[in-house]
Protein chains: 4
Amino acid sequence: MVVRVAVAGASGYAGGELLRLLLAHPEARIGALTGNSNAGQRLGALQSHLLPLADRVLEPTTAEALAGHDVVFLALPHGQSAAVAEQLGPDVLVIDMGADFRLKDPGDWEAFYGSPHAGTWPYGLPELPGGRDALEGSRRVAVPGCYPTAVSLALFPAYAAGLAEPEAVIVASSGTSGAGKAPKPHLLGSEVMGSMSPYGVGGVHRHTPEMIQNLSAAAGERVSVSFTPTLAPMPRGILATCSAKARPGATAESVRAAYEKAFADEPFVHLLPEGQWPATGSVQGSNAVQIQVAYDAAAGRIIAISAIDNLTKGTAGGAVQSMNIALGLDETTGLTTIGVAP
Amino acid sequence: MVVRVAVAGASGYAGGELLRLLLAHPEARIGALTGNSNAGQRLGALQSHLLPLADRVLEPTTAEALAGHDVVFLALPHGQSAAVAEQLGPDVLVIDMGADFRLKDPGDWEAFYGSPHAGTWPYGLPELPGGRDALEGSRRVAVPGCYPTAVSLALFPAYAAGLAEPEAVIVASSGTSGAGKAPKPHLLGSEVMGSMSPYGVGGVHRHTPEMIQNLSAAAGERVSVSFTPTLAPMPRGILATCSAKARPGATAESVRAAYEKAFADEPFVHLLPEGQWPATGSVQGSNAVQIQVAYDAAAGRIIAISAIDNLTKGTAGGAVQSMNIALGLDETTGLTTIGVAP
Amino acid sequence: MVVRVAVAGASGYAGGELLRLLLAHPEARIGALTGNSNAGQRLGALQSHLLPLADRVLEPTTAEALAGHDVVFLALPHGQSAAVAEQLGPDVLVIDMGADFRLKDPGDWEAFYGSPHAGTWPYGLPELPGGRDALEGSRRVAVPGCYPTAVSLALFPAYAAGLAEPEAVIVASSGTSGAGKAPKPHLLGSEVMGSMSPYGVGGVHRHTPEMIQNLSAAAGERVSVSFTPTLAPMPRGILATCSAKARPGATAESVRAAYEKAFADEPFVHLLPEGQWPATGSVQGSNAVQIQVAYDAAAGRIIAISAIDNLTKGTAGGAVQSMNIALGLDETTGLTTIGVAP
Amino acid sequence: MVVRVAVAGASGYAGGELLRLLLAHPEARIGALTGNSNAGQRLGALQSHLLPLADRVLEPTTAEALAGHDVVFLALPHGQSAAVAEQLGPDVLVIDMGADFRLKDPGDWEAFYGSPHAGTWPYGLPELPGGRDALEGSRRVAVPGCYPTAVSLALFPAYAAGLAEPEAVIVASSGTSGAGKAPKPHLLGSEVMGSMSPYGVGGVHRHTPEMIQNLSAAAGERVSVSFTPTLAPMPRGILATCSAKARPGATAESVRAAYEKAFADEPFVHLLPEGQWPATGSVQGSNAVQIQVAYDAAAGRIIAISAIDNLTKGTAGGAVQSMNIALGLDETTGLTTIGVAP
């Protein structure tokens, strides 16, 4: 199968990671690459790590440029995907790496994004219960946020197995690429190296309703989420430390069993052997998810920790995985569970 | 006042930071510097940042070497302080930067350290309720652990004001110096740069009972603690993200007021203006504590976040602060709230 | 073609990187993995980024374990390769990633390594003049050192074209993985993060005679080398800043032309467009070499700068590239010029 | 003595470091703090590490604001100092931390900065031969550039002693704070962490003529300089690796002797014992300079390496040191040779 692929928003970190993966995808043929502020520039000047594409030139993001492809990935700022997607036919697979189509509840969207809700597309996290069914044959996919990917995978088994109370407490650290490539003072190397700091504290981070949506679906009841993101001095990676009070009757064994069952057949999620803990460095550049879970009897809590690469499984790798499922390809095509470490 | 000071364990990170501070302390005269494996070496080869002490030579840690000082700081591996302290007279101020004398409950000590309990000394966290009283005139001080310093300061106001349920959930990130200077594979630069990982998960970290001790004292009832430490790719700093369910009636205003009251007169604790968040980079090398607190109405939780330098306020700075109080000096002598940033 | 491959020394950084590449190599079948101090351990505990090999167990490095493979890679400490290689038949392709067989002059070996010279094998840097010829069909390959790879590629065109005086001055920065996985105090994360320092200054670094050997061959006369390595706060990458006095008649144009000619057909070496400079981050995890050259008329010097990943092109990728040539496979099989950035 | 000090340009990295040092200076009273784009903002929001100044508010940079001070420091973009300095009386000590008044040759200025030359002020590097004489009693000081500080101190002893040929080759790595606080894409944490890259290659960096000026003065003849700066993944620090061909008759002993003599009485320059090498981490936050020198007999070159903190000795510390000399204070007042490490 030859899959002609266009990327709208090829100059940012998400777009660059997507191109890195597509270059290694045996079926993908990279077609139009578009950008707006960077249109007319060589990709070699914008993404100097993508040597085979160095001489490609960015086009403006127009319907004409994106026409004639089987798949169009949108790596655009929030709120811009709907207008582009409308111009693409129903047979084109459109994969939105932004937030626009992730949330089911228009009220959530409006409360957190402050603009009218564009709609809801099938959600690209196949490891969730029923996740693959929603994607097979679909021609629209909403790629999950990077934090919701890490958090939902870490906690849904506890909720799906009825082992946890519906109040999750989550602290997650992200590398700086999650904040994008637009230069801002607090993202300067001088500021982030050697320092950790939180942001979006107190329930205001936009990924919060997406986590609630996923965990509530797994639990069969509304799960509240206290989410605190922190910025870590590294370019890539998310480490999500998630916990919830254990329900009566939960034990270390039942918790472990629930996680083993949830991930037994998953190609990308690796429940680590007991005694070993996730490290973001181990999944750098890979689509793998490392997960470990513990039961703290004294505190009465289940602690589940996941490590992903925010740009790979957290964004572009998740997008390619969903593309594979939607097109009927093997889900792992062009993706790897091998990290670049150290 | 001239204070003659000896440091047992001058070759490690805690000892080095202590010497850095003592060099800037107007009353301190640095006397004996001891070590065991490094005895006989020039300090310049072991602590090349301490230029004024470069030609000093480490002596073995013996009673003779430590005799004749007003203050003896112990920066020794856990379990070794009691034997040294016994040899020092009751008029000598002995300040233990290790864990040996922090815990009140021998059962806690034995459960977490696996050896007989050496005793309990006045606890060197003056910002806690009643904290200064315990230190004034004392000749023995147990310096708090780095994590308990960050966590106790972040959460005690909520407990002291009766605003929080007695179940705290804490995720804290530490720079690598907290793990010491003994070379271990997982602490290599190649392993830690670009990676975050947890350790001591599930209630097993040795600082857990110390946090419970402090928060329970503030709350007047037993507080359970779920504590997850993570190793961050930076040399220094602790960012502690702490939360607890708010008690009925707690509001954003009452929470803010409790924190303002708790820290109004504290020279080292800085409750940030609303909208600004702690950053470990801002307190690097300083004895300052940056704290911010939020009330997440949707999740019903109080989130309190602190940033300290683990080696300064978290260890050596806290030790000097306690020394000042014990000796009747101004508490801030030789200490600063000015960080080295960026 | 199915190529059965064994790796002696699979627990270190070079061995880990080699396995990462071999997992992506379409013809390679990974056979025996050996180690000595780590024999009996799961690879998942030693190389947690290599998920597909997590359940493989290291065997001791013996002739029996290494028998029955088409290719044996040696990632052993200096001085240990000869004894292992002797036990392998002449039809087995043996690729030594250590230093033992790189130098032609036994006197150089003895002066820098202090032990008897084991011999000289075909040198695995195909981009050098005549480099490929030496490797085709060979059953023994000495993989170049990481610094000599970066330096030789940066400077040989100037020498081959007769543009530079035979006195090269080189300052190169390496990530910490170049120093290996054995824990040493100065390699701790606490020590290397936020700091740069030189080592092996004054002509004593062991890679110096290898650089002299390569550059002298290109120049047709003995080239002296002043080489200063520095340790940089990053896990991977070498940035080599190399310069030499320009010979009379050299111009910016003739220098540029020499470099364009040298690398015109090279699949892995990318001479950057004028105005763009190499960055180690852009070649992370890739076999690419980024090179740029400038002519400083005022100082009368040619400055050539290269960036490689020390573990990939600098070690394991170079080894796979040589394997491909020796076996008659396409030289680029299993290798990429796409970096993992940011 | 009470010294009333104003800082024009208090929101950047140089200004912030200067304030950090002035807060520890026993004679300085911090007066007006000015900025242009940030006028009206609290310093606590701009320099959150300077807790004692958190509530100070930036004023616009005007003659009125700067009036009434004994010392005015200018931390302004290049080319803006002259206009401000003109408005300050001849009795005010004006210390320019920018480049405007460093160069003696108007042609050099115009060639490298492209604007008319503003003049030449006494040069604030007291360790150079005759350096202190020029500063005593002066009311105008040009603070050296950060690279020229590191390079000139590393190499002038070799030139002053007639041991080196007049062609220096210099490669220096700087932390990112040297590039300032204005956000630019290539300075993002995502770009700089894990990567090294050169810039200003081929003799075009603006600090080149300043190095030539200093080294030529020491040598008594024109010294050519090949200078390559590289950006290192750390916030602070410069490591300068400098070399020159040794003159006939130079020996390891004569080189060492020249350096010992040059720095014997210097309070801030520390020639390390043989076998120990400079590390930028060891001088972080301090005014110290670590220097080591080697003679490479095989290559016939002298290699001198220095480590400084680019913001301290390289900018603000050097400025305070010059202020002390100009005002007749002890040169070391308010400055330290103690680094913040690890």
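Letters A, B, ... are given to chains in the order of the sequence lines, protein chains preceding strands, and every chain is numbered from 1.
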Among B/G202, B/P342, B/G175, which residue forms the greatest number of heavy-atom pairs with chain A at distances under 4.5 Å?
B/G202
Top contributor to chain A contacts, counting heavy-atom pairs under 4.5 Å, from B/G281, B/G300, B/A232
B/G281
For the pair B/R301 and A/V169, evaluate side chain to side chain contact (heavy atoms under 4.5 Å, CB included) and give the outcome as yes or no after the intermediate values.
CA-CA 9 Å; B/R301 293 185 78 87; A/V169 178; 3.4 Å; yes
What residues of residues 241-249 of chain B sit under 4.5 Å from chain A when only non-hydrogen atoms are counted?
B/T241, B/S243, B/K245
Highest number of heavy-atom pairs under 4.5 Å with chain B: which of A/Q284, A/E191, A/E167, A/Q292?
A/E167
B/T280 (side chain) donor-acceptor with A/M196 (main chain) under 3.5 angstrom:
yes
Does any backbone or side-chain atom of B/T208 lie under 4.5 Å from a heavy atom of chain A? Answer side chain, backbone, both or neither.
neither
Do you know which two heavy atoms are closest between B/T230 and A/L239, and how far apart they sit?
CG2-CD2, 3.8 Å
Using a cut-off of under 4.5 Å on heavy-atom pairs, state which of A/A168, A/P198, A/G194 scores highest against chain B.
A/P198
Of all of A/A307, A/P233, A/A299, A/S224, which one pairs up most often with chain B through heavy atoms under 4.5 Å apart?
A/P233
Toward chain B, the part of A/T228 with a non-hydrogen atom under 4.5 Å:
side chain
By a 4.5 Å heavy-atom criterion (distance strictly below it), what part of A/A294 contacts chain B: side chain, backbone, both, or neither?
side chain
